[in-house]
Structures are given as C-alpha cells and as structure tokens.
Amino acid sequence: KLLTFNDSRQGTARLAANLQQSAELTRTRGLIYHLVLSAGKARIVDAEKLEDEIRNLEIVCQQNANKWLVNHVAEKREELRRLQLPQPVTFDFLARELANQGRDFTAMLARYREFSPLAFGDDLGHMTLAKTLILREFARRPSRMQNLETIGMIATAYPGLDAINGVPEEVAEITGFSVGEWRDFLKICLDYFVRRQGALEIDATVRHWIGFRLPRKYLVSGREEQLANNQVRWPRLRTRQTNKIAKLLALCLNLNPEDNAHRDHINTILDAAWENLIKVGVLQPGADGYQLPLSHLAFILMREGWICPVTRRVLDVTLRGITPHVPKTPRRESVKCEKIEIPVYDLPFSGETDPLKQIERGRAWLRNERLIEYLRAKGVWTSANDRVIELAPYYVTAEHSAQIDSQKLSRYESDFRNGRINILSCSTTMEMGIDIGGVSLVGMNNVPPHPANYLQRAGRSGRRGEGRSVAATLC
C-alpha cells in the first residue's frame with residue numbers, strides 16, 4: 001500500500017491517471033512477451049520429441065534400410081526443420097491468451113467495465129479489452145517512443161509475406177533485390193506506412209479505447225486523383241514531393257528523386273509493392289479502399305536487431321542495412337545500422353506462479369546474461385526491458401481529492417484497506433480524520449506548505465504497529 005500527497009488537485013488527478021496507465025502498460029508488455037515466449041517454447045518441446053523419434057528411426061535404418069523408411073526419415077527431418085523455424089504468434093491467438101491471464105487481467109477488466117459497461121460489459125468484453133491492450137502497443141510503429149518493438153523485444157510479422165517467392169521482374173531489373181530484400185521492403189511499407197496511417201481493420205469500439213487518436217483510414221492507389229477524407233494514397237513521388245519510403249529507396253539504390261528517370265524507377269518499385277501486397281492478400285479491400293486485417297498481423301521474439309543511428313532505438317528490419325528513419329538531409333554513412341544480437345529469456349513466466357519469485361528469477365537472469373551488459377552500454381537495454389522480463393506486477397491506483405463525491409471516496413478507502421486499491425493519490429483530503437492501517441510508505445510529490453501538514457501526511461503511515469515506516473518527499 002502506498003499513499004501519495006500533492007497540494008494541487010490537478011496534480012493529484014494527473015498522477016493517479018499516469019500511475020494507472022503505467023501499471024497497465026508495463027503489465028501488458030510483460031504478459032505479451034511471456035505469452036509469445038511460451039508459444040515458442042511449446043514448439044521447442046515438440047522439436048525435441050521429434051529429434052528423439054528421428055534418432056530411433058535412423059538406428060532402425062542402419063539395421064534394416066528400405067526405401068519407405070528412408071523417405072519416412074526424410075519427411076520427419078523436414079518436419080523438424082519447419083518446427084525449428086521461429087514461428088510468429090497471430091493477433092487472434094495472442095488476444096485469446098491475454099484474455100485468459102487470470103487475476104490481473106480480471107482486475108483490469110473490472111475497471112474498464114466501470115468506465116464503459118456498454119463496451120466491456122458483455123460476454124465479449126474480455127476480448128475487446130485484450131485487443132485494445134495489444135493495439136495500444138502495436139497499432140503504430142513509433143520512431144522514438146518506447147514499445148515492445150523499439151526496445152527490441154517483440155517484432156511484428158506478416159505471415160502473408162511468406163507467400164512471396166519471387167521479385168517482380170521490373171523491380172529486379174532496377175534494384176537487384178533478392179526475395180528476402182523484397183520481403184524486407186514490403187514489411188517496411190507495412191510497418192512505417194500502413195500502420196502509421198491507421199489503415200488497420202479495427203472495430204470502432206476498440207479504436208475508441210486505444211488511448212490515442214487513430215482515425216479509420218483506407219488505402220488507395222498512388223495514382224488516384226480524388227480522395228475522400230478517410231482515404232490515403234499509397235506512397236508515390238509526385239513532382240517535387242517526397243516521402244520516407246521513397247527517400248529510403250533513393251538512398252539505398254543511389255537514385256536522385258529530382259531526376260525524371262530515377263523518379264520513374266522509384267515509382268515503379270512503389271507501384272509494384274502496392275500490387276504485390278494486394279495480390280498475396282495482405283491488404284484486403286473494403287468499401288472505401290484497402291486495409292490490413294488484424295488477423296494478418298502476428299508477433300515474434302526478436303533474437304537479432306539493428307541499432308538505428310537516427311533514433312537510437314532497435315529495428316527488426318532494415319533495407320540493406322539502412323534505417324527506415326531517413327533524415328531530411330541523409331548521408332549514406334550516417335544511416336547505416338549496427339547489427340546486434342538480442343538475448344531471449346529462457347523460461348516463460350519464470351516457471352513460477354508467485355510474483356515475487358518471478359521477479360527474483362528474472363533479476364538473476366538479467367545479472368548473468370552476458371549480452372545485456374553490452375546492450376546497456378549501447379543504451380538500447382533499459383529498465384523498460386528489465387520490467388518486461390521480471391513481469392512487473394499490476395497495481396490499481398485511485399484519486400482521493402475533494403473533487404470526488406463522498407460515496408466514491410468511501411468506497412476507495414474501503415478498497416484501499418482491503419487491498420483492492422494499491423495506491424491512493426491524495427490531495428489535502430487525506431491529511432486528517434481518516435485512519436487506515438497497514439500503510440508503511442507515504443510519498444509527497446512536493447514539500448508541504450507548513451510543518452503541521454508534513455506531520456499529518458507522514459503520520460498516515462505506521463499507525464498499526466508496522467515494524468517500520470517511511471515518508472519520502474520530492475523536493
């Protein structure tokens with residue numbers, strides 16, 4: 001239990017909201033990471049069983065080889081190869097798993113049902129919240145803000161790109177791209193254009209609760225002349241206008257966007273990307289244009305990445321080693337990324353159910369993992385990564401001020417006593433006349449105006465025979 005005090009009512013409300021958002025965000029990131037890790041570990045167990053089966057079959061082959069048995073072993077080896085490939089976790093699977101995460105998710109759902117019984121109160125309310133929490137993290141791919149992508153823990157994937165087994169002829173002539181490089185470019189288009197524009201097939205209720213402005217947009221061809229308010233053209237160079245995707249191509253291929261022939265080359269590549277994404281079904285048509293369905297989005301652990309020289313964040317994909325975050329006046333030597341190896345935690349949920357033991361084991365792994373010290377020195381592994389590994393616990397915060405009606409304040413105080421609320425962000429209303437036991441820590445976000453105020457606030461802790469109590473003041 002923690003009581004915090006603030007002389008400003010606005011500061012009290014702001015702190016309560018920020019702490020609650022931080023608790024949800026941190027816990028959600030930890031759950032997503034460990035769920036994706038758990039899905040991968042299940043495949044490893046299956047692969048180990050298959051390896052044992054292959055070894056036994058090979059022993060039989062040595063003793064009594066025949067054509068059927070040889071072919072059967074070859075089939076098993078191919079099955080093992082597929083199992084050992086990193087396999088992305090689909091959006092729908094992750095949402096179902098997140099919605100089944102017990103106590104903490106149930107506590108989040110209860111609070112959201114208070115805010116909006118219509119959105120979260122029905123039988124599908126748990127799935128609505130799970131999708132909202134995932135999209136709050138992945139709807140857009142930020143440049144510098146922290147999310148699981150930019151801190152180098154989870155990468156988005158688009159399984160539909162696996163269907164691409166060749167480079168369009170006109171693109172191959174201009175670029176010399178391999179199939180892998182062409183897929184990388186298409187992923188960059190999806191990450192940095194489609195998601196940035198909000199062209200995702202998201203339900204209106206979920207879109208409303210994501211927590212940031214994400215208007216519903218539809219993609220149309222870059223050649224389209226007339227646009228509706230909810231439509232966005234696919235990137236294309238038009239006269240002297242430019243965009244990040246075109247800049248990336250120009251820099252990577254040594255093309256000059258102001259040269260007519262080079263501009264045509266860039267537009268040819270961009271048009272081919274648009275057509276290819278539609279052809280393989282990654283982008284799906286709607287009434288006003290194309291969108292990316294959430295069922296076509298997936299997630300995978302990052303085992304290697306690149307440090308972006310512009311944002312100093314981690315990238316999961318580059319184009320021939322060049323960052324997609326091309327500055328206004330780029331120089332080729334200033335946009336080359338440094339490749340890094342990223343450690344992956346060895347045990348989903350630390351193999352424990354006790355939150356304190358999960359934290360202890362996570363911290364022990366963080367101390368012993370050799371790569372983390374190197375990544376910390378590079379500035380790309382921070383306390384945000386630590387909290388994901390440790391599965392930092394969820395906590396509930398509430399505002400306690402004169403702006404809250406007395407009935408709700410009484411409920412908050414009762415919930416705080418019973419442990420259903422962990423932090424109360426208080427104004428001067430909590431200084432006198434309220435006796436709550438079990439509080440051993442009081443935090444003051446500013447120096448109180450008078451010594452009497454300090455004594456009253458500090459006196460909220462250590463009231464029921466606690467062995468020790470602390471009053472901390474931010475000056």
Side-chain angles (χ1 to χ4, degrees), residues 18 21-22 24-37 86 88-89 91 94 132-158 184-185 187-198 200 210-214 244-245 247-248 292 297-319 321-327 330 334-345 366 369 371-372 374-392:
N18 288 344
Q21 288 175 351
S22 176
E24 285 182 9
L25 188 65
T26 302
R27 188 61 175 175
T28 299
R29 285 177 179 171
L31 289 173
I32 288 173
Y33 180 84
H34 283 266
L35 286 170
V36 175
L37 177 63
V89 174
F91 180 92
L94 183 60
T132 300
L133 295 174
I134 295 170
L135 288 169
R136 194 173 286 169
E137 191 72 7
F138 293 107
R140 282 186 173 150
R141 212 287 182 190
S143 301
R144 287 182 168 85
M145 288 181 62
Q146 287 187 343
N147 80 338
L148 283 169
E149 292 173 280
T150 58
I151 64 176
M153 305 203 80
I154 297 284
T156 53
Y158 307 93
D184 287 345
F185 177 67
K187 185 181 187 304
I188 288 170
C189 291
L190 292 167
D191 281 345
Y192 295 91
F193 183 77
V194 176
R195 286 168 59 199
R196 185 179 292 273
Q197 294 297 333
L200 297 167
I210 284 177
F212 52 85
R213 192 169 179 272
L214 191 69
K244 282 192 173 183
I245 304 294
K247 276 185 181 179
L248 176 62
L292 175 68
L297 183 61
F299 309 97
I300 194 167
L301 294 172
M302 288 182 66
R303 299 176 184 274
E304 61 179 23
W306 288 261
I307 300 176
C308 174
V310 178
T311 65
R312 301 306 299 173
R313 296 297 187 191
V314 180
L315 306 173
D316 64 292
V317 64
T318 63
L319 189 61
I322 295 177
T323 175
H325 300 290
V326 180
S334 68
V335 292
K336 292 291 286 183
C337 300
E338 177 188 351
K339 193 168 185 178
I340 56 172
E341 186 181 348
I342 300 172
V344 173
Y345 195 40
L366 290 166
E369 180 55 52
L371 280 174
I372 290 178
Y374 169 78
L375 295 176
R376 287 194 201 278
K378 286 286 184 181
V380 295
W381 189 286
T382 67
S383 58
N385 301 69
D386 294 345
R387 289 193 294 271
V388 170
I389 296 295
E390 294 168 7
L391 263 175

Of all heavy-atom pairs linking T311 and R144, the shortest is CB-CG, 3.9 Å

Shortest non-hydrogen pair, L214 vs A139, comes out as CD2-CB, 3.9 Å

Measuring only between side-chain heavy atoms, which start at C-beta, is Y345 closer than 4.5 Å to H34? yes

Minimal heavy-atom distance between T156 and D316, with the atoms involved, is O-OD2, 4.1 Å

With Y33 as partner, the option from L301, T28, N385 fulfilling side-chain contact (heavy atoms from CB on, under 4.5 Å) is L301

Checking T323 side chain against C337 main chain: does a donor-acceptor pair fall under 3.5 Å? no

Worksheet item: Under 3.5 Å, side chain of R141 to main-chain N/O of Y192, donor-acceptor pair present?
Response: no

Determine whether W306 and V314 make a side-chain contact, defined as any pair of heavy atoms from C-beta on separated by less than 4.5 Å.
no

Passes side chain to side chain contact (heavy atoms under 4.5 Å, CB included), F299 versus I32? Steps please. CA-CA 9 Å; F299 309 97; I32 288 173; 5.8 Å; no

### Query
Are K187 and D191 close enough that some pair of their side-chain heavy atoms sits under 4.5 Å apart?
yes

Would you say H325's side chain and P309's backbone share a donor-acceptor pair under 3.5 angstrom?
no

- Flag side-chain contact, heavy atom, 4.5 Å: I389 against M153: yes

*Do I340 and K378 come close enough that some side-chain heavy atom pair is under 4.5 Å?*
no

| Are F91 and F138 close enough that their ring centres sit under 6.0 Å apart? | no

Using side chain to side chain contact (heavy atoms under 4.5 Å, CB included), reason through D386 and R376 one step at a time and then give a plain yes or no. CA-CA 11 Å; D386 294 345; R376 287 194 201 278; 3.0 Å; yes

Donor-acceptor under 3.5 Å (N147 side chain, E137 main chain): yes

Please step through side chain to side chain contact (heavy atoms under 4.5 Å, CB included) for the pair I154 and R29, ending with a clear verdict. CA-CA 10 Å; I154 297 284; R29 285 177 179 171; over 6 Å; no

Could you check whether any side-chain N or O of R136 sits under 3.5 Å from a backbone N or O of I210, counting only pairs where one atom can act as donor and the other as acceptor? yes

- Task: Would you mind reporting whether M302 and E149 have side-chain heavy atoms less than 4.5 Å apart?
- Result: no

Q) With side chains defined as the heavy atoms from C-beta onward, is the minimum distance between L190 and R195 less than 4.5 Å? A) no

Using the rule given for side chain to side chain contact (heavy atoms under 4.5 Å, CB included), can you reason through K336 versus I322, listing the C-alpha separation, both sets of side-chain angles and the distance that settles it, and then say yes or no?
CA-CA 5 Å; K336 292 291 286 183; I322 295 177; 4.1 Å; yes

Worksheet item: Hey, does L35 have a side-chain heavy atom less than 4.5 Å from the side chain of V89?
Response: no

Tightest non-hydrogen contact, residues L31 and L391, listed as N-CD2, 3.8 Å

